[in-house]
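Within every chain, numbering begins at 1; the chains are lettered A, B, ... in the order of the sequence lines, protein sequences first and strands thereafter.
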Number of protein chains: 2
Amino acid sequence: MELSQIISNCKDCGYRSWAFKNLSPEELKQLNNKKVEIFFRKGEHVCMEGDEISSFMYLRNGLVKLYKTETNTREHIISIAKPKDFIGLLSIFSNTNHIYSITAIEDSVVCFVDLNVIKSFINTNGAFALDFIEKISSISDSVIKTRIDINTRQLRGRIAYILLLFAKHVYDSNKFSFPISRKEVAELIDMSTENVIRVLSEFRKDKLIHIEGKNIEIIDIKRLEKIYELG
Amino acid sequence: MELSQIISNCKDCGYRSWAFKNLSPEELKQLNNKKVEIFFRKGEHVCMEGDEISSFMYLRNGLVKLYKTETNTREHIISIAKPKDFIGLLSIFSNTNHIYSITAIEDSVVCFVDLNVIKSFINTNGAFALDFIEKISSISDSVIKTRIDINTRQLRGRIAYILLLFAKHVYDSNKFSFPISRKEVAELIDMSTENVIRVLSEFRKDKLIHIEGKNIEIIDIKRLEKIYELG
DNA sequence: TATCACTTATGATATATATCATAATATATA
DNA sequence: TATATATTATGATATATATCATAAGTGATA
């Protein structure tokens, strides 16, 4: 694992107003002193299942996957986190060790904030605490919602879901490069790798999408949405 | 829906030390004034998808199911909540309206605490806020873990899971009365009603359990655990 | 460049699961 | 109590999905 630390200041961070708007200048200085910002190349581990929890992790840039290792050759991906997501989920507040592993699936920048600092802010700054609970609630709940959305659908609906997820919520474009392999898609939506490939081929034959290796273009989003809605 | 309000005092509540231990006597009085404790008979709705959120709901007694309505005849159960659980999940902090419905599956007592009072405690009482985040985190995360546990298993593993869940975590006994119908089990673990019944029959034939209507007794917990572990 | 491992691809087959059909039993309701 | 309705039960069949097998393409690396 290669770590390269980035030196930047919380008070100038574009996301400050979003996640840490209720901190005083003094608290921001504290935050800045107790955070490390680390660059991860695609494929590098951010943290591993079992590691001791010491930081609150915040994705500034890139894309990471949150997963559990099932067997030697298979993982189970719980979610894909985007910038502004708190990537450790809530277990960091109720466990001493990580119950998930996190790996960058694109070049990413993760902010590691000393968990004790966050806790002290919660303890002393009520406005921050309230805002903080709202933010973590929203992310945690959307993970639950996504799991249900996926598991109540069958294969074509799941693939449609993933395509729409990347197009709408990650890349904001109908044309994007798949950041994960077909095998990882399979691990994310609970199906076999072969069937992920097969359904993508079907979608191509049905002229719903263009595929060229990792590059995907959605060409009939209306019909794709219908497939998703029907399950 | 029949509501019967119960008059009891928070300061005498057996669960106070668990959920609200960091409140001052003054705050406890405030809590007491802004809470309603309601008795629900089995089958009665605690709240419905779409209802406006105004309370933080806490299960004192009984058992409730949290679910989304899929079609006229089918629901999707997200979780079964036990006493001490915050039954609204975290969406109550990030939404204005409930995204799940809640129904009692056993006679239950639910405490409704004005959400604004909880928020004001978070705002002004740091120790409470910290403890509170730990509690809601733990419940939210266990919902995610349960969903994964269920969906990575096949039918026999799922039924084993549910049986063990009720025996170990709900009733603390190998002998219990199933609080939900086979159809509801199916809705909870994403399988067809017929197959829930079928697998239960198989388990009976394999001498893993005794069944007599709703009454279940686990007679070979070791083998049941093995089936669960194998998936 | 040559070799190796991994990913994508597709067909054939096996397996898991859902659906349909029917009946017995239990539960609710008039 | 009688009747309707929902639940439990089981077999037969259809469908969805996984697994196995094979091959071509891709990327890493020595």
key: For atom CD1 of I189(A) and atom P of dA16(D), their distance in whole Å   = 17 Å
remark   = N151(A) atom CG is separated from dT17(D) atom C1', nearest whole Å, by 14 Å
query = In terms of ring plane angle, is the pair F93(B) and F56(B) parallel, tilted or perpendicular, where the classes change at 30° and 60°?
reply = tilted
key: Side-chain N,O (R182(B)) to OP1/OP2 (dT8(D)) below 4.0 Å   = yes
request  = Measure the distance from CD on E187(B) to P on dA18(C) and round it to the nearest whole Å.
outcome  = 13 Å
query = Is the cationic atom of R153(B) (NZ for Lys, CZ for Arg) positioned less than 6.0 Å from the six-membered ring centroid of Y228(B) and within 45 degrees of its normal?
reply = yes
task = Name the closest nucleotide to the Q154(B) side chain, picking from dT17(C), dT7(D), dT7(C).
result = dT17(C)
Pairing partner (Watson-Crick or G-U wobble, both distances under 3.5 angstrom) of dA30(C) = dT1(D)
ask   = Are K145(B) and D141(B) close enough for a salt bridge, meaning some N to O gap below 4.0 Å?
value = no
inquiry  = Just the rounded figure in Å: distance from C1' of dT7(D) to CG of N215(B).
reply    = 15 Å
task = Select base, sugar-phosphate, or nothing to describe what S192(A) touches, counting heavy atoms under 4.0 Å on all strands.
result = base
task = Give a yes-or-no answer on whether the side chains of H76(B) and D190(B) include a donor-acceptor pair shorter than 3.5 Å.
result = yes
Beyond-backbone contact of F176(B) with V170(B), side-chain heavy atoms, under 4.5 angstrom = no
Which pairs, protein N/O on one side and nucleotides 10-14 of chain D N/O on the other, fall under 3.5 Å?
from    : atom 1 : to      : atom 2 : distance (Å)
dT10(D) : OP2    : S201(B) : OG     : 2.4
dG11(D) : N7     : R198(B) : NH1    : 3.0
dG11(D) : O6     : R198(B) : NH2    : 3.4

ask   = Taking NZ, NE, NH1 and NH2 as the nitrogens, is one of them in K82(B) or D172(B) under 4.0 Å from a carboxylate oxygen of the other?
value = no
query = To the nearest Å, how far apart are I216(B) CD1 and dT7(D) C1'?
reply = 14 Å
Quick one: which protein N/O atoms are closer than 3.5 Å to N/O atoms of nucleotides 25-30 of chain C? Pair and distance per line, please.
none

d(CD1, I150(A); P, dT17(D)) in whole Å = 14 Å
ask   = Just how far, in rounded Å, is P of dA16(D) from CG of L155(B)?
value = 16 Å
query = Rounding to a whole Å, what distance do you find between R74(B):CZ and dT19(C):C1'?
reply = 12 Å
query = Is K183(B) salt-bridged to E187(B), cutoff N-O under 4.0 Å?
reply = yes
message = Taking side chain to side chain contact (heavy atoms under 4.5 Å, CB included) as the criterion, tell me which of E75(B), E49(B), K68(B) meets it with S101(B).
response = E49(B)
task = Test I102(A) against F40(A) for side chain to side chain contact (heavy atoms under 4.5 Å, CB included), laying out the working first.
result = CA-CA 11 Å; I102(A) 301 177; F40(A) 294 92; over 6 Å; no
